[in-house]
There are 4 protein chains.
Amino acid sequence: MTSAAAAGTGAAEGTPRGRPRSEAAELAIVGAVLRLLDRGGSLGGMSVEGIAAEAGVGKATIYRRWPNKEALLLDVLVRTELPEPEYVDGTVRDVLVEIMEFFRMAALARRERSTLTLLDQFRAVPELHQRYLDQVIAPRRARLRKLITRGMERGEIRADIDPDLLGDLLVGPMLTRTLLHPDAGLDDPTLSATIVDTLLQGIAPVASGT
Amino acid sequence: MTSAAAAGTGAAEGTPRGRPRSEAAELAIVGAVLRLLDRGGSLGGMSVEGIAAEAGVGKATIYRRWPNKEALLLDVLVRTELPEPEYVDGTVRDVLVEIMEFFRMAALARRERSTLTLLDQFRAVPELHQRYLDQVIAPRRARLRKLITRGMERGEIRADIDPDLLGDLLVGPMLTRTLLHPDAGLDDPTLSATIVDTLLQGIAPVASGT
Amino acid sequence: MTSAAAAGTGAAEGTPRGRPRSEAAELAIVGAVLRLLDRGGSLGGMSVEGIAAEAGVGKATIYRRWPNKEALLLDVLVRTELPEPEYVDGTVRDVLVEIMEFFRMAALARRERSTLTLLDQFRAVPELHQRYLDQVIAPRRARLRKLITRGMERGEIRADIDPDLLGDLLVGPMLTRTLLHPDAGLDDPTLSATIVDTLLQGIAPVASGT
Amino acid sequence: MTSAAAAGTGAAEGTPRGRPRSEAAELAIVGAVLRLLDRGGSLGGMSVEGIAAEAGVGKATIYRRWPNKEALLLDVLVRTELPEPEYVDGTVRDVLVEIMEFFRMAALARRERSTLTLLDQFRAVPELHQRYLDQVIAPRRARLRKLITRGMERGEIRADIDPDLLGDLLVGPMLTRTLLHPDAGLDDPTLSATIVDTLLQGIAPVASGT
DNA sequence: GCATAAACGAGACGGTACGTCAGGTCTTTAA
DNA sequence: TTAAAGACCTGACGTACCGTCTCGTTTATGC
């Protein structure tokens, strides 16, 4: 029905009869949502009528593509997910810092916080909730986990730690600073390095090795 | 204005004429919200009319106490905040584990996730946003920070770390598991200890091995 | 549900709880419809949103009173039915002329023509169709029939005619001139007398003529 | 749905080259309207989309032929107007009865009543209103008037009556029974004769000739 | 002990937005 | 070129809530 369906079904739709969906309209809609977000609107406070007006599009054109408001908003978030750079080579520590920088930037993009709103609203539409987790969160976690595992194999990270827990330890501070004390911290360019190094060294006093 | 105002202003209300506010109604309202939440409703999808009906109360009785829906929902969350136990004595490590257990329990109470929805919706009502941060988050952070500082003074924690960052490192995994992969992890009773110990030891391989 | 229901049920509504329906709003709605009609709108081309806007009223206030647009419009027609004067005494011929004048005036009120639209639209909602017939048409017919019967008893009208057919013969020309050639005839003040007299005399040449 | 029209119209599909089915589409459209009418639909409640679907035709194919919905519906009515028989010879009384029988049959065809809906809807499109009056009503009236005039010349009808009024007196009962009390009367085969004879004789008692 | 005054349940009020449907136009592919 | 299919914008439909405002009733205090 929407691009989700397109992603799901392989192909073989048969010949599409009738006037094809206007790609321009689709872009106008997504663009309108982003424009309204940047103009200070919150995701939850957005109305389909407002989006249609901003996009210069009929409401039906929106509902032809997305079954409801939440699906549209989620889709916009998925589409605007920043492209993660290729983390080429380097010590695991350096790549971790790089990944953390990506998270920091994504969070700073100020859309992240609103995202969480949807995660809750989607309890009523569980497949959407799952879709966000699958399409945005899971890939991030997978990349992180792969890097961590590699670090363990190389001997740069202790091998007796649950890689998932380590991922959470890394991502966690980004999340708390996005949600719980948003006024502080995210714009410190040394934050990523500090987090990674602190984790690497541990918080116990140096002498406590014994 | 509301019970918040009552808490804020000292007194000097003059003599209250007329029929006093029914405490029973207030309890019925809060109870209705909790009942609806437990029944699977999401915070965002809740309607004042539904709450009033569930509580057997007129809408005006709600609006007499809270200025709008968000304030009511936030207030319910604040009121149902679990009472934090007194963390008496013990090594810093043990107390940290205890605190983390409290966070884990609060998150498991399943209200936490919905809470985040409000944090975003409150961008439109910033003083409510601030109030949640002030009344729920800040106290938690303060307790945590105090404990960390004490740990540093006692030499149980390295003193060259930003205590706030350390707080974020501790709380982060609880948050990620609440929001980003809720299916896993929170019900593991050893989680808190694992997090604290991992942090204490660091994730780098033991340099001076053997 | 609406005034129809009120007319139907005898009484015993129990105590009406809550804020009572605003009579002002009801008047504003009906008034708005009439204003829009006078401004040239056709009954069929009228929108509930337009009516609500013209009346300065929320749409829900309309739908609280009438279940749909057609019911509202029909109700307006029923309410604005001209009060028929008391046809006191006089020869049957004179009273018939008087009645016909009433019909002519009602038709001239320019609402009659639009009424017919509803009569057809109501095929989908038969009870409304019936209601118009019952509340507007039937009373008119009854009055006419009573007068005709009286005329027969008094010997002023031939007794071997179906009174209903006679009623149709009288009303017919008003109807054709409203619907089928509206540009002509209705504003001739002698029309009613001409119809009645033509019918009384018959259209065949006077047998015992000369 | 695609070959529905082909199934409906029994026409030869023949060579699909060039311009295969201009006329077939037209017939399919008109046929679809009549089918929907017979199936109980009202003229006003008919949608172009429904007609197109029923006809197995694209909406554009309809709009290529008629400028709007009303024009289509009116055209269908005009096309399905019963062919009026040649009223050869006989006394004027007999021919009048014959004409009235034609009106009665047309009214019984049950399309007449819906017609009236259009007459009102056409206030917004006055030239359509006029067209129906011109193409359906006026010819009927002309024929009637001609006959009446002939009757007057022959001395079978009083010459001091407005022929148009007389036409209205004749047609009126058919109209009232179509619109105002549709349950009664139209299927009585003696109705036409009764109306004509009643009019000829007049409704005043016989003695009143003086 | 009786008047005053405010709170109470109920529900109507003017609005805004929802998701659907239809009107009339435009744009594809197939024949 | 013409047809079918169906997308496009517009605007109305009838519904659900928002936060406010009467209603008639109930329950405290103060004169």
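In what follows, chains are A, B, ... by sequence order, proteins preceding strands, each numbered from 1. Note that the coordinates shown come from a computational prediction; the quantities given were computed from them, not determined experimentally.
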- Test I29(C) against W66(C) for side-chain contact (heavy atoms from CB on, under 4.5 Å), laying out the working first. CA-CA 11 Å; I29(C) 294 165; W66(C) 297 275; 3.8 Å; yes

Counting side-chain heavy atoms from C-beta on, which of [options] comes nearest to [X]?
{"X": "T61(A)", "options": "dC13(F), dG24(E), dC9(F)", "result": "dC9(F)"}
{"X": "S47(A)", "options": "dA17(E), dC13(E), dA5(F)", "result": "dA17(E)"}
{"X": "V48(A)", "options": "dC8(F), dC18(F), dG19(E)", "result": "dG19(E)"}

- Task: For A60(D), report the nucleic acid contact type (base, sugar-phosphate, nothing); a contact means any heavy atom under 4.0 Å.
- Result: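 Result for A60(D) = base.
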
- Message: For a quick check of understanding: with a heavy-atom distance under 4.0 Å over all strands, which category does G56(B) fall into, base, sugar-phosphate or nothing?
- Response: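 Touches sugar-phosphate only.
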
Please report the distance, rounded to the nearest Å, between [atom1] in [X] and [atom2] in [N].
{"X": "I51(B)", "N": "dG9(E)", "atom1": "CD1", "atom2": "P", "result": "14 Å"}
{"X": "N68(C)", "N": "dT20(E)", "atom1": "CG", "atom2": "P", "result": "21 Å"}
{"X": "R17(C)", "N": "dC8(E)", "atom1": "CZ", "atom2": "C1'", "result": "11 Å"}
{"X": "I62(A)", "N": "dC21(E)", "atom1": "CD1", "atom2": "P", "result": "17 Å"}
{"X": "E23(C)", "N": "dC23(F)", "atom1": "CD", "atom2": "P", "result": "12 Å"}
{"X": "L72(C)", "N": "dG14(F)", "atom1": "CG", "atom2": "P", "result": "10 Å"}
{"X": "W66(C)", "N": "dA12(E)", "atom1": "CH2", "atom2": "P", "result": "14 Å"}
{"X": "E54(C)", "N": "dG15(E)", "atom1": "CD", "atom2": "P", "result": "13 Å"}

Looking only at side-chain N and O atoms, does [X] come under 4.0 Å of OP1 or OP2 in [N]?
{"X": "R65(D)", "N": "dA3(F)", "value": "yes"}
{"X": "R21(B)", "N": "dA7(E)", "value": "yes"}
{"X": "R64(B)", "N": "dC8(E)", "value": "yes"}

- Could you tell me which non-hydrogen atom of K69(A) sits nearest to which non-hydrogen atom of S47(A), and how far apart they are?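 Heavy atoms only, the tightest pair is CD-CA, 4.5 Å.
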
- Query: For the side chain of K69(B) and the base of dG19(F), is some donor closer than 3.5 Å to an acceptor across the two?
  - Reply: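 Answer no: no donor N or O sits under 3.5 Å from an acceptor.
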
- Message: Looking at the base of dG19(E), is there any donor atom on it, or on the side chain of K59(A), that sits under 3.5 Å from an acceptor on the other one?
- Response: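 Check passes, donor-acceptor contact within cut-off.
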
- Rounded distance (nearest 0.5 Å) linking atom OH of Y132(D) with atom CG of L74(D):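 So the OH of Y132(D) and the CG of L74(D) are separated by 8.0 Å.
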
- G18(C) vs R19(A), nearer the 5' end of DNA chain F by closest nucleotide: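 This one resolves to R19(A).
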
- Report the residue (E49(D) or Y63(B)) whose heavy-atom-nearest nucleotide on DNA chain F is the more 5′ of the two.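 Of the two residues, E49(D) wins.
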
- Task: Between A55(B) and M46(A), name the one whose nearest nucleotide on DNA chain E is closer to the 5' end.
- Result: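 Closer to the 5' end of DNA chain E: A55(B).
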
- Item | Test side-chain contact (heavy atoms from CB on, under 4.5 Å) applied to K59(A) - qualifying residues, sequence neighbours left out |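 Residues passing side-chain contact (heavy atoms from CB on, under 4.5 Å) with K59(A): V48(A), E49(A), A52(A), Y63(A).
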
- Identified side chain to side chain contact (heavy atoms under 4.5 Å, CB included) counterpart of I51(D) within the set V30(D), V76(D), L36(D), V57(D):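 The residue from V30(D), V76(D), L36(D), V57(D) that satisfies side chain to side chain contact (heavy atoms under 4.5 Å, CB included) with I51(D) turns out to be L36(D).
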
- Query: With a 4.5 Å limit on heavy-atom distance, are the side chains of R79(A) and E26(A) in contact?
  - Reply: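 They are in side-chain contact.
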
